[in-house]
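Below is one structure, written out as C-alpha cells; comments come after it.
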Amino acid sequence: MRKKKAKQDFFDKVYRIVSKIPYGKVTTYGLIAEKCGIGSSARNVGWALNKAKNSNLPCHRVVNRNGELTGKLHFVDPDLMENLLKSEGISFVDDHVDLEKHLWKPK
DNA sequence: TGGATGACCTACA
DNA sequence: CTGTAGGCCATCC
C-alpha cells in the first residue's frame, strides 16, 4: 500500500472528472466515486478534492447526494461556493442545489 | 505496518 | 428533522 508508485489512479480520475464539469452544472460525490471505481466510498472523493483544492479544480461544482454544499466550509471562503454557483446560473432550493436541473453525470 | 482521518451514504430511532 | 451507528476505502503519520 502506498508503495513507491502510489495508486494515484483514483486521484487522477477524480481530478480529471471534476475538471470536466461543464459550466453551470454540478455533480455529486457518489457519481464521481462510482466512476472512479470506488463506488462504495464517496468519502475518498472529498478527500481527493481536499488534496486538489490547491489545484484549479471547480470543486465548488461538487455537492453531496442531496445537492447540499457540504464542502463549502473547506473553501478559502465558504460564501465563495454559493457565489460561484449562483454566478453560473445554478438554481438553489433552500440551501441546496437543484439537481434536477443542473446535475451532470461524469462520462 | 497499523491506527487515525475524512468535503459521504444509508438506515434506523 | 435531528442524532446515532455502521460501512466504505485511499491516504497520512
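Below, chains carry the letters A, B, ... as their sequence lines are ordered, and counting in each starts from 1.
The two residues A:Met81 and A:His60 come nearest to each other via the heavy atoms CE-O, 3.2 Å.
Ring-plane geometry between A:Phe11 and A:Trp47 is classed as perpendicular, the angle between the planes exceeding 60 degrees on a 0 to 90 degree scale with a lower cut at 30.
Nucleic acid contact for A:Lys53: base, since at least one base atom lies under 4.0 Å from a heavy atom of the residue.
Side-chain contact between A:Asp95 and A:Glu68 is absent, with no heavy atoms from C-beta onward closer than 4.5 Å.
Between the CG atom of A:Leu85 and the C1' atom of B:dA7 there is a distance of 14 Å, rounded to whole Å. B:dA4 atom P lies 20 Å from atom CG of A:Asn50, rounded to whole Å. Per the geometry, NE2 belonging to A:His74 stands 8 Å off P belonging to B:dG6, to the nearest Å. Per the geometry, CZ belonging to A:Arg65 stands 21 Å off P belonging to C:dG7, to the nearest Å. Put simply, CD on A:Glu34 is 11 Å from P on B:dT10, counting in whole angstrom units. Atom-to-atom, NZ of A:Lys13 to P of C:dT11 comes out at 12 Å; the value is rounded to the nearest Å. Atom pair A:Leu49:CG and C:dA10:P shows a separation of 16 Å (rounding to whole Å applied). Counting to the nearest Å, the P atom of C:dC9 and the CD1 atom of A:Ile32 are 18 Å from each other.
For A:Trp47, the side-chain atoms get nearest to C:dT11 when compared with the rest of B:dA7, C:dT11, C:dC9. You'll find that the side chain of A:Ser41 is closest to C:dC8, out of C:dA10, C:dC8, B:dA7. Here B:dC9 is the nucleotide among C:dC9, B:dA7, B:dC9 with the atom lying nearest to any side-chain atom of A:Ala42. Ranking C:dC9, B:dA7, C:dA10 by closeness to the A:Tyr29 side chain, first place goes to B:dA7. Distances from the side chain of A:Cys59 to the nucleotides B:dC9, C:dC8, B:dA7 place B:dA7 closest.
In terms of phosphate contacts, A:Asn64 brings a side-chain nitrogen or oxygen within less than 4.0 Å of OP1 or OP2 of B:dC9.
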Review point. A:Val93 and A:His96: side chain to side chain contact (heavy atoms under 4.5 Å, CB included), yes or no, with the steps?
Key: CA-CA 5 Å; A:Val93 182; A:His96 61 281; 3.8 Å; yes

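Here the rule is side-chain contact (heavy atoms from CB on, under 4.5 Å) with A:Val26, and of A:Leu99, A:Leu69, A:Asp98 only A:Leu99 fits it.
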